[in-house]
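Quick notes on the structure that follows.
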There are 2 protein chains.
Amino acid sequence: MSAILDSFDNISKAAPEPIYQQIKKIIQQRVTSGEWPAGQKLPSENELVSALAVSRMTINRALRELTQEGLIKRVHGLGSFVAEVPRHASLIELQDIALEIEADGKRHRARILSQETISASVEIARQMELPTASRVYYLCAAHYQDDLPIQLETRYVNPAAMPEFMDQDFSRITPTAYLLQQFKPDEMEHRVRAVIPRREERELLAMQSGQPCLQLTRRTWHQQQVVTHVTLTYPGDRYELGARYATNEYQLR
Amino acid sequence: MSAILDSFDNISKAAPEPIYQQIKKIIQQRVTSGEWPAGQKLPSENELVSALAVSRMTINRALRELTQEGLIKRVHGLGSFVAEVPRHASLIELQDIALEIEADGKRHRARILSQETISASVEIARQMELPTASRVYYLCAAHYQDDLPIQLETRYVNPAAMPEFMDQDFSRITPTAYLLQQFKPDEMEHRVRAVIPRREERELLAMQSGQPCLQLTRRTWHQQQVVTHVTLTYPGDRYELGARYATNEYQLR
DNA sequence: GTAGCATACTTGTATATACAAGTATAGCGG
DNA sequence: CCGCTATACTTGTATATACAAGTATGCTAC
């Protein structure tokens with residue numbers, strides 16, 4: 001075990017980032033890199049205390065939050081373990097479609113259908129919490145997995161929150177990746193529904209007539225502002241949304 | 001402010017339930033009852049320390065977790081506030097359809113279509129993590145909102161985990177409510193897809209031909225066992241799933 | 001051999017304390 | 001009247017310490 005502990009990155013106590021966050025990232029990296037496979041026993045809290053020279057309460061907070069997020073499991077009296085099921089939590093985490101596709105070993109490609117500045121309709125303005133006819137950035141793109149269309153993205157962006165959005169080349173970086181690079185959202189809202197695609201959408205997704213789509217609408221906030229409002233349309237027969245989590249904290253209302 | 005504080009329930013220090021949980025419940029109750037409306041400023045941590053006679057770290061943990069769950073918002077240097085948007089987190093919390101409907105002021109009614117013990121098919125056995133052909137309980141029900149069908153429920157239950165499941169009268173208590181009454185799941189998995197309903201489903205849901213359904217499949221675990229595997233089918237034009245949350249902890253993988 | 005007990009190690013929770021850092025306000029000086 | 005500063009109050013984080021309680025293991029008594 002000491003071999004593992006010896007190789008820990010150093011914790012910087014006077015950092016912009018809290019210590020418990022640094023610890024979470026270290027462990028997350030160990031798990032996602034495969035260095036600690038599913039089922040692997042983690043070092044005990046006391047071992048981590050010695051290895052990282054921080055207090056046990058700080059370790060405890062990091063591990064508790066990782067449990068809550070489903071990355072690890074803890075058994076009272078026994079120890080902490082890497083969770084068996086690599087959670088597939090598209091509905092909770094903000095997942096970049098390109099990473100998702102590449103994680104499957106496939107190739108991702110985006111085709112930009114439209115990228116312009118428009119005047120917000122009543123409905124869009126309402127969704128973005130802006131005055132009607134405000135200028136907003138509009139982007140429409142199709143995402144392909146090995147040349148098979150898998151997602152249609154219709155995105156509105158608040159220029160006040162994201163002034164340089166239109167300067168990006170979104171065939172190189174996905175809008176989701178770019179937005180996350182800029183800042184971490186404070187809050188988000190998801191809505192999921194089943195719809196029959198319009199003819200145009202159906203053709204872009206290369207779907208047979210009569211087949212349904214799964215449509216995910218997401219709004220994200222940063223500093224009390226709606227940053228972006230995006231609708232993602234998936235072919236119902238080629239995609240499903242999923243999530244798995246530990247339910248420690250959640251209960252019936 | 002003291003009026004509010006004076007009326008706090010007592011915290012029992014030697015209880016089966018941890019103190020921070022009790023505090024969470026007290027605050028949750030204040031919020032959901034409407035006593036503390038959206039935007040209301042909560043007592044500060046120090047005020048709660050005095051009022052409840054527990055340490056600030058305990059208060060802090062309770063409030064931090066409530067923030068994570070989206071019930072309250074905290075602003076560094078300012079205070080804690082009841083969240084503006086009553087989160088509609090069907091995809092995270094286990095929501096009882098009857099409560100959901102009644103919260104809208106409508107009437108809920110369930111019609112039991114089938115309730116029997118069957119032998120698990122290969123697929124069902126796999127989902128339930130049981131040997132093929134194990135005996136499992138099977139329930140099929142339709143849920144109505146003011147006589148309009150709104151959800152089709154197809155449920156398989158592990159008899160080992162829920163021996164008395166078949167003795168219940170599910171026109172009086174919904175299966176979800178009964179299961180939650182019995183115990184809180186440790187873990188759950190959700191999958192969401194868009195499908196065209198089979199003819200039988202379409203008729204039960206009083207849908208027009210060609211319209212899509214939203215289908216949510218959920219498995220829940222308790223003590224390493226799959227307790228139940230349920231598929232909920234909603235008319236695409238009458239229902240959408242939604243969730244809103246603070247994203248403090250979540251980030252791109 | 002085996003049942004039961006003692007022990008060591010684990011996580012879970014609670015407390016007191018400390019300091020950092022963000023927000024609002026009162027009050028002062030110009 | 002305006003702008004600055006000091007101050008008080010808030011949340012955010014980190015620590016040391018303590019005890020409770022669950023799990024596994026090895027030892028002892030029978």
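Side chains are part of it too, since the values below use all heavy atoms of this structure and drop only hydrogens, waters and symmetry mates. By convention in this document, chain letters (A, B, ...) are assigned in the order of the sequence lines, proteins followed by strands, and residues within each chain are numbered from 1.
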Fill in the blank from the handout: chain B vs DNA chain D, heavy-atom contacts under 4.0 Å, first-to-last nucleotide span, 5' to 3', is dT10(D) to dA14(D)
Completion exercise
For Y137(A), the ring-ring contact (aromatic ring centres under 6.0 Å, His included) test, sequence neighbours excluded, returns none
Fill in the blank from the handout: Residue set satisfying side chain to side chain contact (heavy atoms under 4.5 Å, CB included) with S119(A), at least two apart, ordered chain then number -> A133(A)
Problem - Salt bridge R64(B)-E45(B), side-chain N to carboxylate O under 4.0 Å - result: no
Exercise for the section: Could you pull out all residues at least two apart from S121(A) that satisfy side chain to side chain contact (heavy atoms under 4.5 Å, CB included)? Expected result: E123(A), I124(A)
Problem - Lys/Arg N to Asp/Glu carboxylate O, R218(A) vs E189(A), below 4.0 Å - result: no
Practice task
For A83(A) and G70(A), work out which heavy atoms get closest and say how close.
Solution key: CB-O, 3.4 Å
Practice task
Please report how far the helix from dG1(C)-dC30(D) to dG30(C)-dC1(D) bends, comparing the axis fitted to its first five pairs with the axis fitted to its last five, to the nearest 10 degrees.
Solution key: 10°
Exercise for the section: Nearest-nucleotide wise, let me know which of A53(A) and G77(A) is further upstream toward the 5' end of DNA chain D. Expected result: A53(A)
Problem - Distance-minimising heavy-atom pair for V227(B) and W221(B) - result: CG2-C, 4.2 Å
Completion exercise
Residues passing the side chain to side chain contact (heavy atoms under 4.5 Å, CB included) test with V49(A), sequence neighbours excluded, are R56(A), I59(A)
Exercise for the section: Return the 5'-most residue of the pair G79(A), N60(A) with respect to DNA chain C, ranking by each residue's nearest nucleotide. Expected result: G79(A)
Exercise for the section: Could you check T58(A) against L78(A) and say which one's nearest nucleotide on DNA chain D is further toward the 5' end? Expected result: T58(A)
